[in-house]
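Everything quoted here is computed from the prediction, not taken from an experiment. Numbered from 1 within each chain, the chains take letters A, B, ... in sequence-line order.
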Amino acid sequence: MAEKITPRAENYPKWYLNVIQEAGLADNSDVRGCMVIKPNGYAIWENMQRGLDRMFKDTGHVNAYFPLFIPMSYLAKEEEMAEGFAKECAVVTHYRLKAEKGQPLKVDPTAELEEPLIVRPTSETIIWRTYKSWIQSWRDLPLLINQWANVVRWEMRTRLFLRTAEFLWQEGHTAHATAAEAEAETLQMVKVYAKFAEEFMAVPVLVGPKTDGQKFPGAIYTLCIEAMMQDGKALQAGTSHFLGQNFAKAFDVKFTTADNKKEFAWATSWGASTRLIGGLIMTHSDDQGLVVPPRLAATHVVICPLGKTEDERAPALAAAKKLADELKAFPREEFFGYEPIRVTIDNDLKSSPGYRFGLHEVRGVPIRVEIGPKDLAKEIPTCIVARRDFQYRVEIEPDLNHQKKAETPLSQAALEIAASLKDIQRVLFDRAKKYRDARTVTANTLEEFAGYFPVKAGEKDDEELDLNALKFVYAHWDGTRETEDLVQKQYKATIRCLPFDGPTEPGTCPFTGRPSARMVVFARAY
RNA sequence: CGGGGUGUAGCUCAGCUUGGUAGAGCGCUUGCCUUGGGAGCAAGAAGUCGUCGGUUCAAUUCCGGCCACCCCGACCA
């Protein structure tokens, strides 16, 4: 078998790119920093959208759409936001090209916009400008709106899914009559993200506020979910911001209260992006390729009919179709988003079975079914059910090898497959949680802390670090920006968040000796 | 924006030192053969050698400018 994927232990970043390529998730495009999301990758995004959108609707939100272009002056109205995003804004200055025969196409210098437009890096400004006309009375509140969109942030260095110049996301923007209501919304939505991460993505997350140094430009505070990747690095996977009255003041959004007073509205915003796909890959996938939890998988089940001759193939194909129909007709349930089980039949009987199996494996199909002449010749016809979450290679996970393939009577296969899909979802979450918990430690002294974040001189970033080197480290912190910056500089570790369910006892900051209110989580981050 | 590197077939790259108009592997097409873990054989299609200029009888090769991309730092979902 041609090994196309660099093992994780050898070079984790390279492995990540190999998986994306071999699984057909995305490609780099000719446009710098922008990716092409391929069907297998986009299907995962669609499943994410479906799951999240359902949860947004269930919590009372509705979808709307706002313009891609934002007048430059809008961004300027909120000072922190202008400062935060100024350096990564794409700007539109002209509205016309000049096309003359025999001449190269060029920008028409006579068609300059009076005011440049920026391509949205996030939509708070244009949305709050719009809310000004939507909100007059307390009866107009709360305003609970989400939009699915693309945004552009002109990043210096990009990586497929994790950081691209253009990315797809959703951004919720809500307006409330009171601070308490807005804060409750902020908390509710970060919990929605946590639930989505754990129940759909099978990714365990830490939930809690960011430090002031890490919060969103323009926010009073930011709540986030943080996941651990297989290299021990942290990935911020979703954020929910309490924006106070900052944007209401910037765009003069006032409403009349029940007792006829004027007040500025209170705001939240929250977002999650295609970065989630990167996190999904780095949490579950293995050296054989992509592993996707069933709730997000593009295809749940692929059935591979086998056979040398037409005489062998025809019955195998017929049995495959029958099983596919049974699976598709399965009663719809919440686990599958009330949609049919996604089954495909691999009709490529001319390719070798090994090639076909390998292809589905690298592409992350949770369950593969084999139906061939040997199975159909039995008194009670059977099929082989192979689970993607169990390695088939003895040398890699010998203890799991016995579970790699199971022979199942065809008559029961649909039932067992549906049950296995749910089991895979559970196994992936448990595995990821165990992995994270085993790599979460506490540092009580500076020496301990330093030991967890080795920075070896002359080393090229973390590529040469052992895959097992990095951890989530709980440690005390004196609460100052200076200390946070110092730690980042010395150890390349940042404070990921102050987890809601982490230890909250006060102590002493190991970096400065000053008192600390509670422990926080440090990690290297993407 | 600083440091380094690379541009040759769809992809990964060799060739350039010592100039004479281009190769391999993979992929693709066709045929034969093969089928329960990534088979084999044969034939075939495919490249203005990043770009502009210089040197030369002759430039993918030598020289210079430009452009693009990649990696490492700073910045970031």
Heavy atoms under 4.0 Å, any strand shown: does [X] hit a base, just sugar-phosphate, or nothing?
{"X": "A:Leu359", "value": "base"}
{"X": "A:Gly238", "value": "nothing"}
{"X": "A:Thr164", "value": "base"}
{"X": "A:Ser351", "value": "base"}
{"X": "A:Phe167", "value": "base"}

Tell me every residue that passes side chain to side chain contact (heavy atoms under 4.5 Å, CB included) with [X], counting only those two or more places apart in sequence or in another chain.
{"X": "A:Leu97", "value": "A:Leu105, A:Val107"}
{"X": "A:Ile220", "value": "A:Phe242, A:Asn246"}
{"X": "A:Ala324", "value": "A:Ile303, A:Val343, A:Ile345"}

Give a yes or no on whether a salt bridge exists between A:Lys405 and A:Glu407, defined as a side-chain N under 4.0 angstrom from a carboxylate O.
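Judged by the 4.0 Å cut-off on N to carboxylate O distance, A:Lys405 and A:Glu407 do not form a salt bridge.
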Position toward the 5' end of RNA chain B (nearest nucleotide), A:Leu349 or A:Trp169:
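Its nearest nucleotide being more 5', the pick is A:Leu349.
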Would you kindly compare A:Arg159 and A:Gly84 by the position of their nearest RNA chain B nucleotide and give the one closer to the 5′ end?
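The residue whose closest nucleotide sits nearer the 5' end is A:Arg159.
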Checking [X] now: which residues fulfil salt bridge (Lys or Arg N to Asp or Glu O under 4.0 Å) with it, not counting sequence neighbours?
{"X": "A:Lys210", "value": "A:Glu226"}
{"X": "A:Lys38", "value": "A:Asp27"}
{"X": "A:Arg120", "value": "none"}

Atom [atom1], compared across [N] and [M]: separation rounded to whole Å:
{"N": "B:rG15", "M": "B:rU61", "atom1": "C1'", "answer": "9 Å"}
{"N": "B:rG50", "M": "B:rU60", "atom1": "C1'", "answer": "12 Å"}
{"N": "B:rG37", "M": "B:rC32", "atom1": "C1'", "answer": "24 Å"}
{"N": "B:rU12", "M": "B:rC69", "atom1": "P", "answer": "15 Å"}
{"N": "B:rC67", "M": "B:rA74", "atom1": "P", "answer": "26 Å"}
{"N": "B:rG47", "M": "B:rA9", "atom1": "C1'", "answer": "5 Å"}
{"N": "B:rU18", "M": "B:rA58", "atom1": "C1'", "answer": "16 Å"}
{"N": "B:rG36", "M": "B:rG27", "atom1": "C1'", "answer": "26 Å"}

From the list B:rG36, B:rG38, B:rA77, which nucleotide is the closest neighbour of the side chain of A:Glu155?
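So the side chain of A:Glu155 is nearest to B:rA77.
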Where the side chain of A:Lys492 is concerned, which of B:rG73, B:rA77, B:rG36 is the nearest nucleotide?
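Selected nucleotide (nearest to the side chain): B:rG73.
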Quickly work out the [X] [atom1] to [N] [atom2] distance and round it to whole Å.
{"X": "A:Met48", "N": "B:rA77", "atom1": "CE", "atom2": "P", "result": "19 Å"}
{"X": "A:Gln170", "N": "B:rA77", "atom1": "CD", "atom2": "P", "result": "15 Å"}
{"X": "A:Trp45", "N": "B:rA77", "atom1": "CH2", "atom2": "P", "result": "16 Å"}
{"X": "A:Ile5", "N": "B:rC26", "atom1": "CD1", "atom2": "P", "result": "19 Å"}
{"X": "A:Asp348", "N": "B:rU34", "atom1": "CG", "atom2": "P", "result": "17 Å"}
{"X": "A:Leu235", "N": "B:rA77", "atom1": "CG", "atom2": "P", "result": "11 Å"}
{"X": "A:Trp154", "N": "B:rA77", "atom1": "CH2", "atom2": "C1'", "result": "17 Å"}
{"X": "A:Gln21", "N": "B:rU12", "atom1": "CD", "atom2": "C1'", "result": "10 Å"}

Looking at side-chain heavy atoms only, is the closest gap between A:Cys224 and A:Gln214 below 4.5 Å?
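Answer no - side chains too far apart.
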Report yes if the side chains of A:Leu75 and A:Met81 come closer than 4.5 Å at any heavy-atom pair, otherwise no.
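Yes - at least one pair of side-chain heavy atoms lies under 4.5 Å apart.
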Report yes if a donor N or O on one partner sits less than 3.5 Å from an acceptor N or O on the other, where the partners are the side chain of A:Glu361 and the base of B:rG38; otherwise report no.
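In this structure, the two groups form no donor-acceptor pair.
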Is A:Lys405 side chain donor-acceptor paired with the B:rG37 base, going by distance under 3.5 Å alone?
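Counting by modelled atom types and ignoring angles, a donor-acceptor contact under 3.5 Å is found here.
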Contacting residues from residues 364-380 of chain A, given that a heavy atom lies under 4.0 angstrom of RNA chain B
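Residues of residues 364-380 of chain A that come under 4.0 Å of RNA chain B are, in numerical order, A:Arg368, A:Glu370, A:Gly372, A:Pro373, A:Lys374, A:Asp375.
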Checking the side chain of A:Arg524 only, and the main-chain atoms of A:Leu470 only, is there a donor and an acceptor separated by less than 3.5 Å?
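Looks like no, no N/O pair under 3.5 Å.
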Report, one pair per line, the protein and nucleotides 1-7 of chain B atoms (nitrogen or oxygen only) whose separation is under 3.5 Å.
none

Side-chain donor-acceptor pair present, A:Thr483, A:Arg481, cut-off under 3.5 Å
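Absent: no donor and acceptor within the cut-off.
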Under a plain distance cut-off of 3.5 Å, with no hydrogens placed, do A:Ser269 and A:His173 share a side-chain donor-acceptor pair?
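Per modelled atom types, A:His173 and A:Ser269 side chains form no pair under 3.5 Å.
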For RNA chain B, what dot-bracket results from Watson-Crick or G-U pairs at under 3.5 Å, with [ ] for crossers and | for inter-strand partners?
(((((((..((((......[..)))).(((((.......))))).....(((((..]....))))))))))))....
Measure from the ring center of A:Trp270 to the ring center of A:Phe56 and say whether it is less than 6.0 Å.
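Yes, ring centres under 6.0 Å apart.
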For the ring pair A:Phe511 and A:Phe522, is the centre-to-centre distance below 6.0 Å?
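Yes, the ring of A:Phe511 comes within the 6.0 Å limit of the ring of A:Phe522, centre to centre.
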side-chain hydrogen bond (donor to acceptor under 3.5 Å, both in side chains) contacts in which one or both residues fall within residues 294-312 of chain A, not counting sequence neighbours:
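Of all non-adjacent pairs touching residues 294-312 of chain A, those that pass side-chain hydrogen bond (donor to acceptor under 3.5 Å, both in side chains) are A:His300-A:Arg342.
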Residues 187-208 of chain A, side-chain donor-acceptor partners within the protein, below 3.5 Å, at least two apart:
residue	atom	partner	partner atom	Å
A:Gln188	NE2	A:Glu185	OE1	3.2
A:Tyr193	OH	A:Gln170	OE1	2.5
A:Tyr193	OH	A:Gly271	N	3.0
A:Lys195	NZ	A:Glu199	OE1	3.3
A:Lys195	NZ	A:Glu199	OE2	3.4
A:Glu198	OE2	A:Val205	N	3.0

Mind listing the N/O atom pairs, protein and nucleotides 39-43 of chain B, below 3.5 Å?
residue	atom	partner	partner atom	Å
B:rA39	OP1	A:Ser352	OG	3.2
B:rA39	OP2	A:Ser352	OG	2.9

